[in-house]
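First comes the structure, then the notes that go with it.
The chains referred to below are lettered A, B, ... by the order of the sequence lines, with proteins before strands, and numbering in each begins at 1.
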Amino acid sequence: MHPSQPSGLADTPPNPLYTVLAQIPVGRVITYGQLATLAGRPGAARWVGSQLRALPNDTQLPWHRVVAASGKISLPAGSDAAGKQRTRLEAEGIAFRNERIALAQYRWPRE
DNA sequence: TCTGTGACCGCGG
DNA sequence: ACCGCGGCCACAG
C-alpha cells in the first residue's frame, strides 16, 4: 500500500475466517462449509474458497487443513498445491484412501 | 449492469 | 455412489 496510509490500521476489520482457521489443531481437518459457519457466514462455503485462494504463498495459516465435505482435496487435481496439501496432511498423520480422507474422526466436530 | 467462473454444500433422484 | 440444481460469495470482463 501507499506509505501515506497509517500502516495496519483497523479501518478494515480482521477477517474472522483467519481467526477460526488459525485454531484448527494439527491432525484435524475442517470443511469449507463448517469454516464458513464458524466464521459467521453459514452457507458461504464458496466465500471460504476465495479467501483461501487469496492467501499469500508464505502464509502461516494452516490452509491445508481445509478439505471438501466429500473428504477430497478441492485444489485442482495434479497441481503442486494439491500435492503440497496432501503431503502436509499425511505428515500430520492423516491417511488417504482413493483421493479422500480415510477416517471421519480426523474431521472437525460438528456444532 | 450482467455473465461466467471457481480451493463449495445439501438435497433429491 | 454419481449427477443436477439452486444457493452461496467475490471477482474479472
Side-chain angles (χ1 to χ4, degrees):
Chain A
M1 304 327 279
H2 206 275
S4 66
Q5 190 79 228
S7 67
L9 214 48
D11 52 352
T12 59
N15 197 321
L17 170 63
Y18 300 151
T19 310
V20 178
L21 178 54
Q23 323 217 5
I24 309 302
V26 174
R28 279 295 192 74
V29 294
I30 190 172
T31 71
Y32 293 83
Q34 288 176 345
L35 200 43
T37 297
L38 292 177
R41 270 171 130 162
R46 290 198 102 123
W47 168 73
V48 172
S50 68
Q51 293 303 295
L52 295 183
R53 190 183 44 182
L55 287 175
N57 220 10
D58 60 347
T59 181
Q60 295 296 305
L61 290 171
W63 57 270
H64 58 285
R65 299 189 188 128
V66 185
V67 299
S70 63
K72 295 196 291 189
I73 287 178
S74 287
L75 287 155
S79 66
D80 34 324
K84 185 173 184 178
Q85 179 171 14
R86 176 162 177 164
T87 299
R88 285 194 181 190
L89 289 176
E90 290 178 327
E92 294 184 356
I94 293 177
F96 281 80
R97 169 162 150 167
N98 291 126
E99 309 307 304
R100 56 177 83 192
I101 302 255
L103 304 177
Q105 59 259 38
Y106 292 142
R107 300 192 193 178
W108 192 251
R110 285 281 185 183
E111 304 295 278

Distance check needed: [N] [atom2] versus [X] [atom1], whole Å only.
X: A:Arg86; N: B:dA7; atom1: CZ; atom2: P; answer: 19 Å
X: A:Lys72; N: C:dA1; atom1: NZ; atom2: C1'; answer: 11 Å
X: A:Gln51; N: C:dA10; atom1: CD; atom2: P; answer: 8 Å
X: A:Leu52; N: B:dG6; atom1: CG; atom2: C1'; answer: 13 Å
X: A:Trp47; N: B:dG6; atom1: CH2; atom2: C1'; answer: 16 Å
X: A:Leu17; N: B:dC8; atom1: CG; atom2: P; answer: 14 Å
X: A:Tyr32; N: C:dC9; atom1: OH; atom2: P; answer: 18 Å
X: A:Arg107; N: B:dC9; atom1: CZ; atom2: P; answer: 10 Å

Which pair of non-hydrogen atoms, one from A:Arg65 and one from A:Ile24, has the smallest distance, and what is that distance?
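Shortest heavy-atom separation between A:Arg65 and A:Ile24 comes out as NH1-O, 2.7 Å.
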Give me the atom names and distance for the closest heavy-atom approach of A:Pro16 to A:Ala39.
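Shortest heavy-atom separation between A:Pro16 and A:Ala39 comes out as CG-O, 3.7 Å.
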Has A:Ser50 got a side-chain N or O lying under 4.0 Å from the OP1 or OP2 atom of B:dG6?
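Looking at the OP1 and OP2 atoms of B:dG6, neither is under 4.0 Å from any side-chain N or O of A:Ser50.
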Please check the phosphate of C:dA10 (OP1 and OP2 only) for any side-chain N or O of A:Arg41 closer than 4.0 Å.
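Yes.
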Please state the C1' separation for the pair C:dG13 and B:dA7 - nearest whole angstrom.
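C:dG13 and B:dA7 have their C1' atoms separated by 22 Å.
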Which residue lies more 5' along DNA chain C, comparing A:Arg53 with A:Gly43 via nearest heavy atoms:
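So the residue in question is A:Gly43.
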For the side chain of [X], counting heavy atoms from C-beta on, which of [options] is nearest?
X: A:Ala44; options: B:dC9, C:dC8, C:dC2; answer: C:dC8
X: A:Arg46; options: C:dA10, C:dC2, B:dG6; answer: B:dG6
X: A:Arg100; options: B:dC9, B:dA7, C:dC2; answer: C:dC2

Are A:Glu90 and A:Arg86 within salt-bridge range, i.e. N to O under 4.0 Å?
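Yes, charged N to carboxylate O under 4.0 Å.
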Report yes or no: does A:Thr59 contribute a side-chain atom to a donor-acceptor pair with the main-chain N or O of A:Pro56 at less than 3.5 Å?
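No.
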Distance-only, no hydrogens or angles: does the A:Gln34 side chain make a donor-acceptor pair with backbone N or O of A:Ala69 under 3.5 Å?
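No, A:Gln34 side chain to A:Ala69 backbone: no donor-acceptor pair under 3.5 Å.
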